[in-house]
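Here the structure is laid out as structure tokens; the discussion comes afterwards.
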Amino acid sequence: MKTLEFPAPPPRAGDEDLRREVRNFLESRLEGRSPLQRAESWNGFDRQFSRELGQRGWLGMTWPRKYGGHERTAFERYVVMEETLAAGAPVAAHWIADRQSGPTILRYGTEAQKEAILPKIAAGECTFCIGMSEPDAGSDLAATRTRAERQADGSWRVNGTKLWTTYAHEAHYMILFCRTSGSPADRHKGTSQMLVDMRATPGVTVNPVLDLMGQHHFNEVHFEDAILPAGSLLGTEGEGWAQVMGELAFERSGPERFLSSIQLLIELIGALQGAGGEGGRNAVGRLFAHLVTLRHMSRGVAALLERGDDASVHAAIVKDLGATFEQELPDIARSLIDEEPDLASTSHFASVLAYTTMAAPAFSLRGGTREILRGIIARQLGVR
Amino acid sequence: MDEISAIVSDTARRLLRGLAEAAGTWEDMPESAWTAGWQAIEDSGLLLALLPDGDGGLGLPLSEGLGLVRIAGSHHGPWPVVDTMLARRFAAENGQDVAAGPAAGGPSEMAPHQRDIAALARACQMAGALEAVLEMTTAYVGERHQFGRPLARFQAIQHSLAVLAGEVAAACAAADFACQRIAAEGHDPILAIGIARARIGEAVSRGTAIAHQLHGAIGYVREHRLHRYTTAMWRWRDEFGTQAWWTRRVGMAVIAEGSDGFWSSTVAA
Ligand SMILES: Cc1cc2nc3c(=O)[nH]c(=O)nc-3n(C[C@H](O)[C@H](O)[C@H](O)COP(=O)(O)OP(=O)(O)OC[C@H]3O[C@@H](n4cnc5c(N)ncnc54)[C@H](O)[C@@H]3O)c2cc1C
């Protein structure tokens, strides 16, 4: 059969205590956070909040103790991720580092890199950004032009421009995907990953790019004869493509790919109390069936990660279905409740609807577009 | 799945696949062939797979019996395999004699909990049938040439197929989810069945549309196997409670928990 089997996650992971603990913490810590703020989901940034999660042992959860981790299971980590997302906690200061940069360093980093960086991520003290996309290398990541040249003293000289770099302006480090030999015509050959200290590298400039809401999340990052010290190479020179594919699998694997609009669903249920009739029940039943199925599949991805298996195609399926689910939400909500969307409204439904409508286009772009994901799935089916 | 149930399901798969492939155009099938097929199914013991322990069944837990139902959905032939499995289970539960022969027309006179199990069986059949449809469609776009190349070389075709694969994966996950939940403590099995029926019903709508589109006109003829699956699923999705009825039932339960209870309901489902 061609079906991609999702392994069955345990129905209960013995996680009730952890879940209760996380919920209690979030309930008091996030008191007074408005629904509109919660709707920002993993875009919400609060360094102190990330530190507090770190202090509780809820970051770097699956990593070895000697790097500041807690050697817990992928399912326990999943509990913390989904509870923070469902509560609309401001997780951006640690999200990328905990999700993909840390695991990439753990897999490919030198002992020195692991010792220097992983404990800081686990403590919630270290923000990462993703240096993949460029003006002329979006979906076609192998067209990357940014180039790092090895100097006589072992350091690297970097020139080029990265674009759409989320939270580069707050980040301590970037994992940079770039060319270390050859030309863009060589495609994925000759590419590598580098660790860039965003605070202490002369020649690195970060310029804001405002999004359609006028908010500053992503950036343009220029490298102009920027010098990275010897020891900045992450992993193996020339193996950047295989490594960055692994990083993308981490990037696509989590529950944020279908939970980032959950606040709108919560507001919709609230607005439907005592209203909505058959149409409301039908719509909510359908959305809930999608949500629970996505969660079951996503916990299956966690089961694959726990076993150390490749989860990249499974993650692509969950991300593609998740984005479609989330992008349908605003129109379904609009069809059921007669309220004008308005960011400034005192109605939580109206403000969250306005926000989610404007956030939605990005869901099928960031982390790999819908078309790229479908190409990955088609390849798995053997037709590409 | 333990070793015994792996052997049971392999055997069932081999038997039903062979029979379904040999069935040809059902309407033209000689009666003797039909009877021989039925006898082979009867002899395999498959029809007793949903019987409760101690009633002469195979001693399989219900969730694994439903795994066989899914296989029957994947290799759907002109015999009422699943309906007979259900009828025999319910007869045994009701203390009646387990009648021999096919239960065409399905089980009659069900208690509410039996109706729920029948609804879940339909969900599993649909998941299995969708798997078969994905397999057939993937093979077809690899074989059929137009414009001097296989259809599979066109990106539009690849992406449609990817959407189909996503729907099939979701349908199988929803069926697995419900089968797991009816066996686990602390969950509402009815809610889980409703979730499976709502999600799988939608996967059927999207998936069958894509499969027919990618097969072109050949998939629309009586002699082709595709419609054995698609038309069956269009019935199954509304049997033992329509998809709309199950969906509203889930929606009612979720709305009743209110916005404060929404996330807890999600985790507890
Ligand atoms: C909110 C947000 C945050 C982001 N954060 C980051 C970040 O932190 N770091 C980072 O590196 N990047 C980031 N990105 C960039 C993101 O990874 C890219 O937007 C994405 O890879 C697509 O590239 P592009 O925007 O250049 O679009 P393009 O690649 O130009 O694509 C435009 C359209 O054409 C389609 N297309 C392209 N190629 C094909 C093909 N072969 N077949 C069919 N269709 C195709 C695409 O699917 C898309 O629909 C972010 C993007 C967003 C929206």
Side-chain angles (χ1 to χ4, degrees), chain A residues 1-6 8-9 11-12 19 23 79 82-83 86-87 262 265-273 276 278 280-297 300 314 316-318 320-321 324 348 370-371 373-384, chain B residues 74 130-132 134-135 138 141-142 150-153 155 157-159 161-163 165-174 176-177 180-181 183-187 192 194-200 202 244 246-255 257-263 265-267 269:
Chain A
M1 286 282 152
K2 288 278 175 197
T3 319
L4 211 51
E5 290 284 347
F6 282 72
R12 287 275 160 103
R19 195 180 292 281
R23 273 191 198 173
V79 169
E82 67 174 355
E83 289 294 331
I262 191 164
L265 205 39
I266 291 170
E267 298 307 328
L268 174 63
I269 308 274
L272 283 172
Q273 292 305 308
E278 299 275 279
R281 289 196 275 280
N282 191 57
V284 169
R286 181 182 164 262
L287 291 169
F288 192 70
H290 274 265
L291 177 63
V292 171
T293 304
L294 281 163
R295 180 169 179 266
H296 189 73
M297 297 171 89
H314 296 79
I317 288 192
V318 177
D320 185 33
L321 291 171
T324 304
H348 297 324
R370 165 172 295 136
E371 287 73 18
L373 298 175
R374 291 184 180 169
I376 291 171
I377 299 164
R379 182 172 294 130
Q380 166 75 21
L381 293 169
V383 292
R384 237 190 108 216
Chain B
S74 283
L130 281 167
E131 288 188 276
L134 173 62
E135 181 122 341
T138 307
V141 300
L151 294 177
R153 295 268 296 281
Q155 194 189 46
I157 301 282
Q158 294 171 358
H159 286 194
L161 200 63
V163 174
E167 291 299 314
V168 176
C172 292
D176 285 345
F177 163 80
Q180 194 187 60
R181 286 303 188 262
E185 271 172 48
H187 299 279
I195 287 167
R197 288 295 299 260
R199 183 64 188 87
I200 295 171
E202 193 170 329
W246 279 109
T247 307
R248 284 197 305 273
R249 194 166 165 177
V250 172
M252 203 154 43
V254 174
I255 293 171
E257 293 298 318
S259 44
D260 288 344
F262 179 73
W263 176 244
S265 316
T266 308
V267 172

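Chain A is the first sequence line, chain B the second, and so forth, proteins listed ahead of strands; every chain is numbered from 1. Everything numeric here is computed off the predicted structure, so don't read it as measured data.
Comparing A:L373, A:N282, A:L268, A:L272 by heavy-atom pairs within less than 4.5 Å of chain B, the highest count is held by A:N282. Contact tally against chain B (heavy-atom pairs below 4.5 Å) for A:T324, A:V292, A:I317: the top residue is A:V292. Residue with the most contacts toward chain A among B:I157, B:L134, B:V141: B:L134 (heavy-atom pairs, distance under 4.5 Å). Looking only at heavy-atom pairs under 4.5 Å with chain A, the residue among B:L161, B:V254, B:I255, B:V250 that has the most is B:I255. Looking only at heavy-atom pairs under 4.5 Å with chain B, the residue among A:D320, A:I376, A:V318, A:L265 that has the most is A:L265.
Remark: A:E278 engages A:R281 in a salt bridge, criterion side-chain N to carboxylate O under 4.0 Å.
With a 4.5 Å cut-off on non-hydrogen atoms, B:Q158 touches chain A through its backbone and its side chain both. Proximity to chain B (any heavy atom under 4.5 Å) is shown, for A:H290, by both the backbone and the side chain. Of the two parts of A:R379, neither the backbone nor the side chain holds a non-hydrogen atom closer than 4.5 Å to a non-hydrogen atom of chain B. B:A184 touches chain A through its side chain: at least one heavy atom from C-beta onward sits under 4.5 Å away, while N, CA, C and O do not. Heavy atoms closer than 4.5 Å to chain A are found nowhere in B:E257, neither backbone nor side chain. Only the side chain of A:R19 comes within contact range of chain B, with heavy atoms under 4.5 Å apart. Only the side chain of B:A269 comes within contact range of chain A, with heavy atoms under 4.5 Å apart. Interface remark: A:L287 contributes no atoms to any contact with chain B (heavy atom separation under 4.5 Å). For a residue to count as touching a neighbouring chain, one of its non-hydrogen atoms must lie under 4.5 Å from one of that chain's; by this rule A:E82 touches chain B with backbone and side chain alike. The part of A:R295 that comes within reach of chain B is its side chain, from C-beta onward, which places non-hydrogen atoms under 4.5 angstrom from that chain.
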**Request:** I would like to know whether A:F6 and B:D176 meet side chain to side chain contact (heavy atoms under 4.5 Å, CB included); could you show each step before the answer?
**Result:** CA-CA 9 Å; A:F6 282 72; B:D176 285 345; over 6 Å; no
B:V267/A:R23 under side chain to side chain contact (heavy atoms under 4.5 Å, CB included): CA gap, chis, key distance, verdict | CA-CA 12 Å; B:V267 172; A:R23 273 191 198 173; 3.8 Å; yes
Checking side chain to side chain contact (heavy atoms under 4.5 Å, CB included) for the pair A:M297/A:L321: CA distance, chi angles, key distance, verdict? CA-CA 10 Å; A:M297 297 171 89; A:L321 291 171; 4.0 Å; yes
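Residues B:S259 and A:E267 form no side-chain contact, since every pair of their non-hydrogen atoms from C-beta on lies 4.5 Å or further apart.
With hydrogens and angles ignored, the 3.5 Å screen pairs no side-chain donor or acceptor of B:E131 with any backbone N or O of B:C172. The main-chain N or O of A:E5 is found under 3.5 Å from a side-chain atom of A:H314 such that the two form a donor-acceptor pair.
The distance from the CD1 atom of A:I262 to the OG1 atom of B:T266 is 5.5 Å, given to the nearest 0.5 Å.
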